[in-house]
Amino acid sequence: MQVYEGKAKRMRPLSEREVEVVFKDDATAFNGQKHEIFPGKGALNSNISELLFNYLEGKGFPTQHLRRVDERTLIVKRAAMFPLEVVVRFQVAGSLQKRTGLADGTVCDPPIVELYYKRDDLGDPIINDDHIRLLKLATPGEVVELRKLALQIASELRGLFSKARIELFDMKFEFGKTPDGKLILADEISPDTCRFRDMDGAGMLDKDRFRQGKGDLLEGYREVHARLMRILKAS
Ligand code: TMP
């Protein structure tokens, strides 16, 4: 069967129901213009993502995750993916900072939900509900549900990470639909897809280290993983 090569993962359908996902060691930014290999990143991200998906399942949110094969390979449920990135922001950073001129760290109260069209050739542009309707990327009812789910999951994660002394500024989710029409959380949740800031002054613990060329990328990812393991064990 066909293999889908993404920037950070490789996907191979195994059957009608299952897909194998290999987390690569590649880091990219600015739509692939910046690219580097960090041996061990794939293993770290697959572990962090698995921990978070299991945690969210335990909180009643259906996810794509099924089981682990090896240190950087997971088996997930096959689902029809929405070509959308749903970003939830609790504090200003990144493209929102650029778009608004607000200071990094400004609190978004209530949190902001943004939708991006997942199209590398267009540079993943931000779009609104009317564009989604025009492009038929999801039904209006599905968009309402995606926004609601993303906000609920993000709030759950913000609470979890605060216990690890990590401020979750923002994060990106992707969702899929199972053959029976259920919306499930898909793709990954990792320091590639979230902004993690240390609450005690150690700064960025996520892919912004690579985007901004500041600090050791994997050291940040290892710290997120270690703290997550600690708080999940304690709870
Ligand atoms: P942004 O501030 O660059 O729009 O990013 C918002 C969040 O989404 C941030 O946590 C990083 C994540 N993200 C991805 O997961 N993939 C992407 O391609 C981009 C641009 C951002």
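Hydrogens, waters and symmetry mates are skipped; everything else that's a heavy atom, side chains included, is used. Every number for a ligand or one of its atoms is a count from 1 in the order of the listing.
By the criterion of a heavy-atom distance under 4.0 Å, neither the backbone nor the side chain of Phe169 is placed next to ligand 1. By the criterion of a heavy-atom distance under 4.0 Å, the side chain of Arg89, and not its backbone, is placed next to ligand 1. The backbone of Cys194, and not its side chain, has at least one atom closer than 4.0 Å to an atom of ligand 1 (non-hydrogen atoms only; backbone = N, CA, C, O).
Residues Arg158 and Gln91 have side chains that bring a donor and an acceptor to within less than 3.5 angstrom of each other.
Few gaps surround CZ on Arg99; more than 12 heavy atoms of other groups in view lie less than 6.0 Å from it. Shown here is Lys148, whose NZ atom has no more than 12 heavy atoms of other residues, nucleotides or ligands within 6.0 Å. Environment of CD in Glu71: sparse, with no more than 12 heavy atoms of neighbouring residues, nucleotides or ligands closer than 6.0 Å. More than 12 heavy atoms of other residues, nucleotides or ligands shown are found within 6.0 angstrom of NZ on Lys34.
Put simply, atom 11 (C) of ligand 1 has protein non-hydrogen atoms near it, under 4.0 Å away. For atom 14 (C) of ligand 1, the nearest protein heavy atom is under 4.0 Å away.
A pairwise comparison of heavy atoms in Phe173 and Val88 identifies CE1-CG2, 4.0 Å as the closest pair. Between Arg209 and Ala202, the shortest heavy-atom distance links the atoms NH2-O, 4.3 Å.
Distance from atom 9 (C) of ligand 1 to its nearest protein heavy atom, with residue and atom name: Asp170 OD1, 3.1 Å. Scanning the protein for heavy atoms near atom 18 (O) of ligand 1, the closest one is Glu85 OE1, 4.0 Å.
The atoms of ligand 1 that sit less than 4.0 Å from any heavy atom of Arg211 are 11 (C). If you number the atoms of ligand 1 from 1 as listed, the ones under 4.0 Å from a heavy atom of Gly94 come out as 2 (O). Under a 4.0 Å criterion applied to the non-hydrogen atoms of Asp192, ligand 1 contributes the atoms 15 (O). Close approach to Tyr116 involves these atoms of ligand 1, each under 4.0 Å from a residue heavy atom: 4 (O). Remark: ligand 1 atoms within the under-4.0 Å shell around heavy atoms of Thr193 are 10 (O), 12 (C), 15 (O).
A cation-pi arrangement is absent between Arg72 and Phe23, since the terminal nitrogen or guanidinium carbon is not both under 6.0 Å from the aromatic centre and inside a 45° cone about the axis.
Proximity of the aromatic rings of Phe210 and Phe38 is defined here by a centroid distance below 6.0 angstrom, and this criterion is met.
In terms of polar-atom proximity, Asp124 is not counted as a contact of ligand 1, lacking any N or O under 3.5 Å from an N or O of the ligand.
Pairs engaging residues 113-161 under the ring pair (Phe, Tyr, Trp, His ring centres under 6.0 Å) rule: Phe161-Phe196 [sequence neighbours left out].
Distances from atom 3 (O) of ligand 1 to the heavy atoms of Lys172, Glu174, Lys98, Arg195 show the closest one on Arg195. Heavy-atom proximity to atom 4 (O) of ligand 1, evaluated over Ala8, Ser190, Ala93, Ser95, is greatest for Ser95.
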